[in-house]
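Keep in mind it's a predicted model, so treat the numbers as computed, not measured. Values reported hereafter were calculated over all heavy atoms of this structure, with side chains retained and with hydrogens, waters and symmetry mates removed.
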Amino acid sequence: MSSTVRERVSFPSENGLGDAQGVVIGDPNQYPSGLIVVHEWWGMNEQIQEEGAQIAAEGGFTVLVPDMYRGRVAKDREEAGHIMSGLDWDGAILDISAGARYLISLGCGRVGVMGFCMGGALSFAAAVRCPEISAAAPFYGIPRPNLPADLTKIQIPVQSHFGEKDQAAGFSSPADYNALKEKLAAAGVQHEMFTYPAGHGFTNVNNPNYSADATRLALSRVYDFMRRNLSG
């Protein structure tokens with residue numbers, strides 16, 4: 001499989017909803033580092049699949065984009081909020097663990113996780129709750145109380161990315177990520193945080209806050225980070 005060909009897959013998960021689904025891009029024989037890319041609250045739409053393919057091709061990873069909504073894709077913000085409000089967050093974490101085991105079964109050595117917005121919060125949670133994950137790169141999302149995760153207990157390298165103009169209070173605003181940065185530093189978590197002169201969702205080409213420059217820089221940092229921590 002080339003680094004741009006998408007293959008729809010299903011894999012066993014301990015989630016009570018049963019097997020998980022997703023899209024795999026890349027050949028583990030050629031790209032032995034696995035990377036799970038978790039979607040925003042919109043679901044596994046065309047945008048996140050295209051971004052997953054871009055990450056696979058540019059970064060040199062075998063990418064899995066898991067479908068956290070099991071087939072549902074939001075058409076507007078109201079529907080996205082409705083679907084996300086019904087998400088079983090603990091089940092989603094189980095799906096990430098299952099996705100990592102699936103990539104390992106395909107031949108990947110180590111597996112990292114990255115995600116955006118909702119997927120960013122899940123990536124942070126996976127960093128502490130998924131033993132199969134070796135590195136995490138969350139974008140503009142911090143777990144809320146409905147997604148239990150003591151981030152001070154993270155034992156793997158984390159590189160996070162936030163927008164300095166983000167107005168999502170209680171989730172990814174400057175007040176939120178600065179408090180998190182202090183908390184992780186006090187706990188001795190191996191963590192680096194980068195911020196950009198952009199708003200929430202700045203890597204999504206369909207978002208009014210999209211910034212090509214910030215996206216390019218952020219992804220280049222993720223590629224270097226994941227190569228360092230997933231190789232060997």
| task | Show the numbers, then the answer: is there a side-chain hydrogen bond (donor to acceptor under 3.5 Å, both in side chains) between Asp19 and Ser10? | result | CA-CA 6 Å; Asp19 288 356; Ser10 63; 4.8 Å; no

Would you indicate whether the side-chain heavy atoms of [Y] and [X] approach each other to under 4.5 Å?
X	Y	answer
Arg72	His82	yes
Phe124	Val158	yes
Asn209	Asp166	no
Met68	Met44	no
Trp41	Arg77	yes
Arg129	Pro148	yes
Ile25	Val65	yes

Which atom names give the shortest non-hydrogen contact between [X] and [Y], and what distance separates them?
X	Y	result
Thr152	Val189	O-CG2, 3.8 Å
Val37	Ile55	CG2-CD1, 4.2 Å
Ser231	Ser33	N-OG, 4.3 Å
Ala136	Ile156	N-CD1, 4.2 Å

Using atom types as modelled and distance alone, determine if a side-chain donor or acceptor of [X] lies under 3.5 Å from a backbone N or O of [Y].
X	Y	result
Asn207	Phe202	no
Thr62	Tyr31	yes
Arg227	Gly59	yes
Asn15	Leu94	no
Ser13	Ala98	no
Ser105	Tyr102	yes

| task | Show your reasoning for whether side-chain contact (heavy atoms from CB on, under 4.5 Å) applies to Gln21 and Tyr69. | result | CA-CA 9 Å; Gln21 294 83 41; Tyr69 292 167; over 6 Å; no

| N-O pairing of Arg216 and Glu58 below 4.0 Å |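 Between Glu58 and Arg216 there is no salt bridge, as every charged N stays at least 4.0 Å from the carboxylate O atoms.
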
| said: Could you check whether Asp67 pairs with Arg70 (Lys NZ or Arg NE/NH1/NH2 to Asp/Glu carboxylate O, under 4.0 Å)? | reply: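 Salt bridge: no.
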
| request: Assess whether side-chain contact (heavy atoms from CB on, under 4.5 Å) is satisfied between Asn229 and Arg110, documenting all intermediate values. | output: CA-CA 8 Å; Asn229 290 291; Arg110 295 178 182 172; over 6 Å; no

Once you round to the nearest 0.5 Å, how far does [atom1] of [X] lie from [atom2] of [Y]?
X	Y	atom1	atom2	answer
Ile133	Leu35	CD1	CG	8.5 Å
Asn146	Met84	CG	CE	8.0 Å
Leu147	Ile93	CG	CD1	5.5 Å
Phe162	Ser173	CZ	OG	9.5 Å
Trp89	Leu122	CH2	CG	5.0 Å
Asn204	Ile48	CG	CD1	7.5 Å

| task | Please test Cys117 against His200 for side-chain contact (heavy atoms from CB on, under 4.5 Å), starting from the C-alpha separation and ending with a verdict. | result | CA-CA 8 Å; Cys117 186; His200 189 80; 3.2 Å; yes

| query | Given the rule in the side-chain contact (heavy atoms from CB on, under 4.5 Å) test, do Gln49 and Arg8 qualify, once you have shown the distances and angles that lead to the verdict? | reply | CA-CA 11 Å; Gln49 293 184 55; Arg8 287 191 171 268; 3.7 Å; yes

| Stepwise side-chain hydrogen bond (donor to acceptor under 3.5 Å, both in side chains) test for Gln54 and Glu50 | CA-CA 6 Å; Gln54 174 189 354; Glu50 289 182 357; over 6 Å; no

| message | Just to verify, which of Lys181, Arg228, Arg221 counts as forming a salt bridge (Lys or Arg N to Asp or Glu O under 4.0 Å) with Glu192? | response |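 Single salt bridge (Lys or Arg N to Asp or Glu O under 4.0 Å) partner of Glu192 among Lys181, Arg228, Arg221: Arg228.
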
| task | Determine the sole option in Phe116, Tyr140, Phe225, Phe139 for which the ring-ring contact (aromatic ring centres under 6.0 Å, His included) test with His161 is passed. | result | Phe139

Are there more than 12 heavy atoms of other residues, nucleotides or ligands under 6.0 Å from atom [atom1] of [X]?
X	atom1	answer
Glu46	CD	yes
Glu164	CD	yes
Glu14	CD	no

